[in-house]
There are 2 protein chains.
Amino acid sequence: MAASVTLNDVAKAAGVSIASASRAINGLDNVTEEVRERVLAAAGKLKYVPHGAARALAMSRTNTIGVILPDIYGEFFSEIIRGIDVGARASGLHILVSGSHGDVKEAVKAARAMAGRVDGLLVMAPYADADDLSGKLPFNLPLVMMGGVGGQADLPSLVVDNYSGALEAVRHLHEQGCRRIAHIAGPESNLEAQDRLRGYLDGLKEAGLSPQVLPGDFTDGAGYAAVQTLLAQEQMPDGLFAANDMMALGATLGLREAGVSIPDDIAIIGFDDIPVTRYASPPISTLRAGVFDIGRRSLELLSALIERGSAEASASAASLIVRPELVVRASSRRR
Amino acid sequence: MAASVTLNDVAKAAGVSIASASRAINGLDNVTEEVRERVLAAAGKLKYVPHGAARALAMSRTNTIGVILPDIYGEFFSEIIRGIDVGARASGLHILVSGSHGDVKEAVKAARAMAGRVDGLLVMAPYADADDLSGKLPFNLPLVMMGGVGGQADLPSLVVDNYSGALEAVRHLHEQGCRRIAHIAGPESNLEAQDRLRGYLDGLKEAGLSPQVLPGDFTDGAGYAAVQTLLAQEQMPDGLFAANDMMALGATLGLREAGVSIPDDIAIIGFDDIPVTRYASPPISTLRAGVFDIGRRSLELLSALIERGSAEASASAASLIVRPELVVRASSRRR
DNA sequence: TTGTACGCGTTATCAC
DNA sequence: GTGATAACGCGTACAA
């Protein structure tokens with residue numbers, strides 16, 4: 001019933017031209033007060049709502065930014081999205097999200113689908129080789145990369161210093177008296193996980209300890225599985241650095257189940273500082289990457305790029321580097 | 001630089017008409033194989049990407065659905081979004097999200113901004129009076145309400161049977177031997193919280209017990225604060241039903257801090273079954289509303305409405321009612 | 001101040 | 001099969 005009412009209908013109902021109707025509705029000042037009222041009244045009665053796509057086409061401006069994440073749920077991404085939401089709100093922008101499900105092809109596909117529907121792109125693709133994206137992604141659109149390794153493809157980006165974070169985690173465990181420190185790694189193809197692994201290895205070298213790396217995939221299940229491996233060996237480690245908080249959480253569950261005391265028998269630290277770390281028992285030490293801030297600041301950066309026409313986008317490609325902050329909680333505090 | 005390349009550019013480069021170019025790119029069959037190849041080659045070389053808004057305008061079809069939630073982060077909404085994402089993916093739809101921040105005006109505003117940019121709307125507005133929305137929201141757009149009270153404004157919807165869920169929670173605690181059962185309520189203006197409160201009150205009446213209701217706002221902080229109140233009174237309750245899981249979680253933290261044993265001294269149960277309940281210690285009993293499924297099924301419902309042109313949308317406004325399922329974990333298991 | 005007419009990038013309907 | 005051309009709904013020079 002009733003195809004949606006257009007500006008034309010409103011103009012007709014108000015007895016003015018479509019141009020005047022447009023002006024009145026958009027609050028331009030070159031309209032008689034009387035005309036404005038007539039138009040607004042008509043619009044109200046007809047329940048007129050501007051057609052987004054048409055407006056976007058005419059103004060080549062959507063007031064929407066596209067967000068492409070590996071996934072759009074879970075503690076980690078949820079925090080990212082929150083940051084983006086807050087920033088977007090402040091800038092009067094809307095958000096078109098899409099999950100790439102860890103696939104580069106999907107990410108590119110999503111980006112293509114967003115062309116002409118967003119003013120800029122915020123993408124996080126930690127698994128992607130820089131070259132995989134650089135050529136295919138930017139369709140003359142302002143773009144900011146979140147996470148990933150530094151200076152990825154010369155795109156403006158916000159990255160976490162995963163390497164020094166990992167280094168700090170190891171040093172912390174060492175200071176707490178740990179001498180056999182194991183690591184639960186993230187997905188092999190994940191660039192951030194790779195950096196964290198490097199930091200761990202260098203940290204152990206620095207301390208003169210020998211490393212033990214267990215495979216993982218960033219899920220709590222992987223953390224749980226990893227401790228099963230550890231429990232089966234002759235000697236347990238006395239320190240455990242998980243590449244992210246979810247795996248640290250899974251590890252604590254497994255250890256508690258086995259009656260291992262945390263942090264006395266084994267100290268644990270994660271990475272990211274997602275909310276649930278505070279609710280775990282014991283609360284889990286971690287490295288606060290400022291997930292929320294990453295989202296918010298990325299959006300601000302993108303927003304700025306959009307405003308200035310994204311002129312020399314890559315010129316000012318000053319990749320902001322976020323240095324994670326050590327957060328010590330009960331899971332690793334031994335004194 | 002270089003204004004984005006259009007279909008016209010591609011057509012010109014391939015030496016065909018814009019119409020043929022369109023056909024070739026959209027895979028229609030009435031094109032010579034040779035023309036198709038020329039067009040595709042040109043498109044590839046020019047890095048052509050279809051303009052979403054223009055396509056939407058021409059086809060009056062966006063392949064996008066708008067999602068309006070009170071918030072777009074946190075465990076609960078994250079799960080909803082996950083469900084929607086899965087459903088959307090299956091239907092080849094994109095998602096335009098917006099948080100209303102608990103404000104009806106904001107929700108309506110968001111919906112207006114989405115007009116002409118989406119094919120349908122998925123909205124959750126638990127604080128909204130049915131009448132507040134029914135008139136202002138549907139701009140000739142297929143719409144499905146998530147949550148809220150049943151049959152809200154005759155719109156097709158997916159609602160949780162909060163009342164019987166709450167009733168079941170109370171019965172469970174009673175069966176476990178609890179005789180002084182307190183309730184931490186949700187926000188007063190929240191319709192779902194109201195239903196849960198009703199269920200609680202009727203449940204206590206049924207058991208012949210006297211109720212104690214503490215105020216809350218669905219945050220863990222509120223749960224924590226509520227137990228401080230309880231700890232200060234002469235006699236502690238021996239059972240606690242929180243209107244949602246986050247408050248139940250906050251309550252367990254407060255109680256553990258005070259050295260109160262769960263579930264021996266006090267049994268606890270929440271509502272919603274968000275992921276974190278499983279990681280808490282002890283794991284928290286709850287009522288599984290199937291948050292994920294609500295998202296997914298809402299989308300499926302909406303998708304169906306869109307396909308069939310939303311003809312008699314409200315005719316088939318068969319509000320699907322989800323009956324929550326009791327999930328007993330350590331926090332309330334006394335035997 | 002107001003109205004006319006064109007353009008935004010695509011799709012779809014025609015003739016050819 | 002292919003190519004003009006009219007929508008789609010709106011903003012906006014430009015002219016009046």
Side-chain angles (χ1 to χ4, degrees), chain A residues 2-39 42-43 46-64 112-119 139-141, chain B residues 2-39 42-43 46-64 112-119 139-141:
Chain A
S4 58
V5 15
T6 78
L7 187 55
N8 208 340
D9 301 331
V10 176
K12 216 166 290 178
V16 298
S17 79
I18 181 173
S20 292
S22 173
R23 288 188 274 254
I25 286 195
N26 291 321
L28 301 195
D29 52 351
N30 48 352
V31 200
T32 316
E33 195 51 40
E34 188 244 332
V35 169
R36 177 183 311 270
E37 282 176 16
R38 274 220 313 274
V39 172
L46 269 55
K47 290 186 193 298
Y48 167 72
V49 179
H51 191 287
R55 176 175 272 177
L57 187 57
M59 305 200 303
S60 38
R61 178 78 147 132
T62 64
N63 287 317
T64 300
R112 284 183 60 99
M114 287 181 174
R117 304 158 59 79
V118 300
D119 295 332
F139 312 108
N140 295 319
L141 262 187
Chain B
S4 59
V5 17
T6 79
L7 187 56
N8 207 339
D9 302 331
V10 176
K12 216 166 291 179
V16 298
S17 79
I18 182 174
S20 293
S22 174
R23 288 189 274 253
I25 286 194
N26 290 321
L28 300 196
D29 52 351
N30 48 352
V31 201
T32 316
E33 196 52 39
E34 188 245 333
V35 168
R36 172 178 319 251
E37 282 176 14
R38 274 217 316 272
V39 171
L46 270 53
K47 291 186 192 299
Y48 166 73
V49 179
H51 191 288
R55 178 175 277 179
L57 185 56
M59 306 200 304
S60 38
R61 176 79 148 130
T62 64
N63 288 315
T64 300
R112 284 182 59 98
M114 287 180 175
R117 304 157 58 77
V118 299
D119 295 333
F139 312 107
N140 295 317
L141 264 187

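Keep in mind the model is a prediction, meaning the values are calculated, not measured. Each chain gets a letter, A, B and so on, in the order the sequences are listed, and its residues count up from 1. The figures that follow rest on heavy atoms only: side chains count, while hydrogens, waters and symmetry mates do not.
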Distance in angstrom units between [X] [atom1] and [N] [atom2], rounded:
X	N	atom1	atom2	answer
A/Y48	D/dG9	OH	P	10 Å
B/N8	D/dG3	CG	C1'	13 Å
B/R117	D/dC8	CZ	P	21 Å
B/R112	D/dG9	CZ	C1'	15 Å
A/K12	C/dT4	NZ	P	12 Å
A/N26	D/dG11	CG	C1'	8 Å
A/L28	D/dC10	CG	P	15 Å
B/I25	C/dA12	CD1	C1'	16 Å

Query raised in the report: Which is true for A/V10 with a 4.0 Å heavy-atom rule: it touches a base, it touches only sugar-phosphate, or it touches nothing?
Result: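 No contact at all - A/V10 keeps every heavy atom at 4.0 Å or more from the nucleic acid.
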Report task. Scan A/T32 against the nucleic acid and name what it touches under 4.0 Å (heavy atoms): base, sugar-phosphate only, or nothing. Result ->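 Sugar-phosphate only.
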Hey, does the side chain of [X] come within less than 4.0 Å of [N]'s phosphate (OP1/OP2), counting only N and O?
X	N	value
B/R55	C/dT11	yes
B/S20	D/dG1	no
B/S17	D/dG3	yes
A/S22	D/dG11	yes
B/N30	D/dT2	no

If you only use heavy atoms from C-beta on, which nucleotide in [options] is closest to the side chain of [X]?
X	options	result
B/A19	D/dA4, D/dC8, C/dT4	D/dA4
A/R23	C/dT10, D/dG11, C/dG3	C/dG3
A/I18	D/dC10, D/dA4, C/dG3	D/dC10
A/H51	D/dC10, C/dG9, C/dG3	D/dC10
B/L57	C/dT11, D/dG9, C/dG3	D/dG9
B/V31	C/dT11, D/dT2, C/dT1	D/dT2
B/A58	C/dT10, C/dC8, C/dT2	C/dT10

Query raised in the report: Between A/L7 and A/S22, does a side-chain contact (heavy atoms from CB on, under 4.5 Å) hold up when you go through it step by step?
Result: CA-CA 7 Å; A/L7 187 55; A/S22 173; 3.7 Å; yes
Query raised in the report: Looking at side-chain heavy atoms only, is the closest gap between B/L57 and A/H51 below 4.5 Å?
Result: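 A side-chain contact under 4.5 Å exists here.
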Query raised in the report: Toward the 5' end of DNA chain D, which comes first, A/M59 or B/D29, by nearest nucleotide?
Result: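 The residue closer to the strand's 5' end, by nearest nucleotide, is B/D29.
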Requested in this report: I would like to know whether A/V16 and A/R23 meet side-chain contact (heavy atoms from CB on, under 4.5 Å); could you show each step before the answer?
Outcome: CA-CA 11 Å; A/V16 298; A/R23 288 188 274 254; over 6 Å; no
Query raised in the report: Just by distance, do the side chain of A/R112 and the backbone of B/P50 share a donor-acceptor pair under 3.5 Å?
Result: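 Side chain of A/R112 to backbone of B/P50, a donor-acceptor pair under 3.5 Å: no, none is there.
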Report task. State whether a side-chain donor-acceptor pair under 3.5 Å links B/R117 with A/T62. Result ->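 No pair is found: no donor N or O on one side chain lies under 3.5 Å from an acceptor on the other.
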Requested in this report: Could you tell me which non-hydrogen atom of A/V49 sits nearest to which non-hydrogen atom of B/A115, and how far apart they are?
Outcome: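 Scanning both residues, the minimum pair turns out to be CG1-CB, 3.3 Å.
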